[in-house]
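The structure under discussion appears below in the form of structure tokens.
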Amino acid sequence: MKNLIVILFCMMMTASVLWPSEGAINGDGLHLAIGWLVTALLAVVTKRQDQDPADDTTFSRTQLAAASSVIFLLGGFWLSTWNVFHVHGDRRAALNLAFEWSGIGAAFVTIACRFRRQRSLQSIVALTIGLGAGTAILGVWQHHVSYGQRAEWYLQQRSELDTALQASDVQSSVKRSHLKGAFERMKIPLDGPKRQLFERRLLDSSEPVGPFALANTLGGVLAVAVVLLIAGVMQSLHRRVRISALSWCITGSIVFLLTYCLLLTKSRTAWVGCIVGIMVLVGRQRLGKPAAGLARLGAGASILIAAALGISIATGAIDREVVMEAPRSLQFRLLYWTGAAGVIRDNPVFGTGPGNFRQVYLRHKPVESSEDILDPHNVLLDVWCSAGLMGLVALVSLLTCCVCATRQFRIRDRRPEKRPRRIPWPLLKGILAGTGVHLTWRWFHGVDMWTNGIGDENAVLLVPVTACLLTPVIAQCLLFTQSAAFAALTCLFVHLLGAGGLQITILGHVLVLLAALTIFGENQSVAEDLPTPERGTFRPAENCFHVITAVTLVAATAWTAQFGLLPVNRSQHQLQVAEVRKKQGDRSGTLDALNGAARSDPFSVDSRQQLVQALAYDFQRSVEQYAQNGRQIADDRLQEDFDKVIDGCNHLIDADRRSGTGYYFRSRVADSVRNVIGNGSDLFRQAHLDLQQAVECDPSNSDLWFELSDLQYREGLFAEASTAADRATEIDAVNRIWGHVDQYLAGEKIQRLELIQRSGDND
């Protein structure tokens, strides 16, 4: 049974790495959360069948404190999720991430129960490095092959679309419709500032993302793999382990590959984290006296930094632009943290809730900030916002436990260890099983890999193939200790101090995994140090622990399936049906599918937003027909469409009252009716109040300020309109100074604002 647990654990690790976990907020990875919960459940249930004393469940004080910290961290997520329900925020996002972190907690339980031997530590670290090397291979392929092909394809298709737009014949019309449909499926903007931003990212950016959606995510995984691999090399040299020349060549090639791809990501936080992790290794394994150690540490750090810069410049991974943009990147981080500080001031105890940071952040976003970020780009601020004050204290406590565990490293690291001589078949079986789970799930849902930045749906197989080839070599030729896990944990934590993390669950998995290996990856069980009678007194407590843990895991699995996986999948299926019917021109079928998606998931915001957009489109057509025909018979249809879209807006607002989207749509609808009817003070009052609420939810949005100014001007509120126009102009000027191309106001809007400002001055 123990081999089965190893296979399941490796299977879940592989599937988690292959899945782009930036979609956790949408519930895309809830099947993996259930897999982790089931793996932990089997590990606990089968625990009593294994009488190996090295896997005894008795914990030391540090281990108990660490386990308690993880429990409180999960409690913080769920308590903050309860608060999201209380304030009527985005409940679906909160539930999805809370379920995801329950799966991460299950991975911690699995390691605590069944992976407490040096051999287990060896296997997990080797697998982590092997998967990291696989993502590096994929990243290098993207940089040198895939991105060039994507750019060439896009330029060709864009040229054909531009040509078709200029022609008026039937053939060009059909081709134009086909190309637009292809662009919409891939979520490629057709025009405007969004098109400029997309083309700039596609044609000018070359940072690989691996199987993920962000280069920073790949950078964090690669930095951890680099530190772990260097730790294994240093430990093997320290033990004077005999390694063949071929193994040294393979190891050196892996180090070069990981380092090269890490440089290609241009993730400065990952670079700094990697350097700090290596410094921790040097400090623990190579330093002598404190004074001499500091000098050697400084010299070593200088050499590492100089070498990294030299290799980066030589390979083109770092150019002048990357160096010059470093202060600007830090400047943006400071702006993010400033806005996050305002968020925490409003929600100091419970935070905003998992997946609810963006809605509240927009109220505090500095105008100079470039993005409507989903997280604060700092792990401490992130956990405070996502899991409240309880989660922050729990994370700090967990890291403190890891530091306390380092006091015994020197003793444990000197113990003679034997490397495995046989091929670790459970690892290979787990990698293949995880690949099968990933491909089967994606095939079942028909997900387009292009939209996730890979460019070829078969390229993701580079990750498991590389892992299968390299993991046995790493496990057989290198030695790893808890020092390796602690150094990698330090590396990742430093990286997450300046990058997004807790909503990108692969980084959360790696963080908790390294913490668990640091605390539980010892060679000798604590129970062996206790007298036999005292150990016996723990047996009833251990049995109670197993029962409580098993019941909790069963309940968590059932809840994740009932309130997470099933409603999310049903809603997503209906949304896919709606997309197909929309392309077929079936408006009635599209609305039916969107209504079905909203009914399938009572907490979904996305399905309700798409429904409102579709209803607003139909309503706008009714308004145009009414304005053109002017027939009295059109009143009933206009009123019916108006009631439908207002009802949809109300449901969207109820789904997330922190967001201004529902208020904005309701304002636009009321204003459209008022323009057609020509009167209606009640409609103006409703449109005005809703638009003010939307501006309050996103006060740094120049387009919203423009629309508010225009609405007030048309109603004769010239002073208020001039004030709003001044604010819109100020925000647009800041956006142009900072180069936020996608947020520029259009030329006709600027001219309109100038007219409104002049009228306010005359008034």
Side-chain angles (χ1 to χ4, degrees), residues 1-14 16-17 35-60 62-64 66-67 70 103-131 224 228 232 398 401-402 405 409 412 415 417-420 424-431 433-434 471 474-475 479-486 488-489 509-528 542 545-546 549-550 553:
M1 290 299 295
K2 189 166 185 178
N3 280 342
L4 174 61
I5 302 302
V6 173
I7 293 174
L8 290 176
F9 189 89
C10 296
M11 177 187 75
M12 295 311 304
M13 278 191 64
T14 303
S16 297
V17 170
W36 280 112
L37 290 167
V38 172
T39 300
L41 177 62
L42 292 176
V44 172
V45 170
T46 61
K47 172 63 182 172
R48 305 315 301 167
Q49 300 178 8
D50 192 349
Q51 301 300 323
D52 192 340
D55 282 334
D56 203 309
T57 317
T58 307
F59 295 155
S60 68
T62 302
Q63 293 168 342
L64 283 173
V70 173
I104 294 175
F108 184 90
V109 170
T110 305
I111 294 176
C113 288
R114 302 304 300 264
F115 293 91
R116 298 180 61 184
R117 303 182 64 183
Q118 176 68 21
R119 185 172 58 187
S120 301
L121 171 68
Q122 193 89 2
S123 300
I124 295 175
V125 172
L127 177 61
T128 304
I129 297 174
L131 292 173
V224 167
L228 289 175
L398 177 62
C401 291
C402 294
F409 281 1
R412 292 172 185 161
R415 293 173 182 166
E417 305 290 352
K418 293 182 180 180
R419 294 172 296 152
W425 291 111
L427 294 183
L428 300 182
K429 293 178 182 178
I431 295 172
T471 299
I474 297 169
L479 288 176
F480 301 98
T481 63
Q482 287 177 285
S483 295
F486 179 72
L489 175 64
H509 266 293
V510 176
L511 182 72
V512 173
L513 169 69
L514 295 173
L517 292 180
T518 301
I519 295 169
F520 295 103
E522 56 184 307
N523 186 46
Q524 179 179 341
S525 173
V526 177
E528 295 177 357
E542 292 174 10
F545 166 79
H546 283 95
T549 305
L553 289 170

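Just so it is clear, the values below take in all heavy atoms, side chains as well, and ignore hydrogens, waters and symmetry mates.
- Between A485 and L517, the closest heavy-atom pair is CB-CB, 3.8 Å.
- Here the closest non-hydrogen pair linking T128 and L228 is CG2-CD1, 3.8 Å.
- Scanning both residues, S16 and W36, for their nearest heavy atoms gives OG-NE1, 3.2 Å.
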Go through it in stages, so that I can follow the logic: the residues are S123 and V6, the test is side chain to side chain contact (heavy atoms under 4.5 Å, CB included), and I'd like the CA-CA distance, side-chain angles, deciding distance and then a yes or no. CA-CA 9 Å; S123 300; V6 173; 5.7 Å; no
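- To the nearest 0.5 Å, atom CG of residue L131 and atom OG1 of residue T14 are 4.5 Å apart.
- T518 and F486 get closest at one heavy-atom pair: OG1-N, 3.5 Å.
- Interatomic distance, Q122 CD to I474 CD1, rounded to the nearest 0.5 Å: 10.5 Å.
- To the nearest 0.5 angstrom, I5 atom CD1 is 13.0 Å from I111 atom CD1.
- Side chains of V17 and H509 form no contact here, defined as non-hydrogen atoms less than 4.5 Å apart.
- Among all heavy-atom pairs drawn from I519 and A66, the shortest one is CD1-CB, 3.2 Å.
- The distance from the CD1 atom of I124 to the CD1 atom of I129 is 12.5 Å, given to the nearest 0.5 Å.
- In this structure, the separation between CG on L513 and CZ on F9 is 5.5 Å, given to the nearest 0.5 Å.
- Nearest heavy atom pair, residue A106 against residue L553, reads CB-CD2, 4.4 Å.
- Atom CG of residue L41 and atom OG1 of residue T46 lie 9.0 Å apart, to the nearest 0.5 angstrom.
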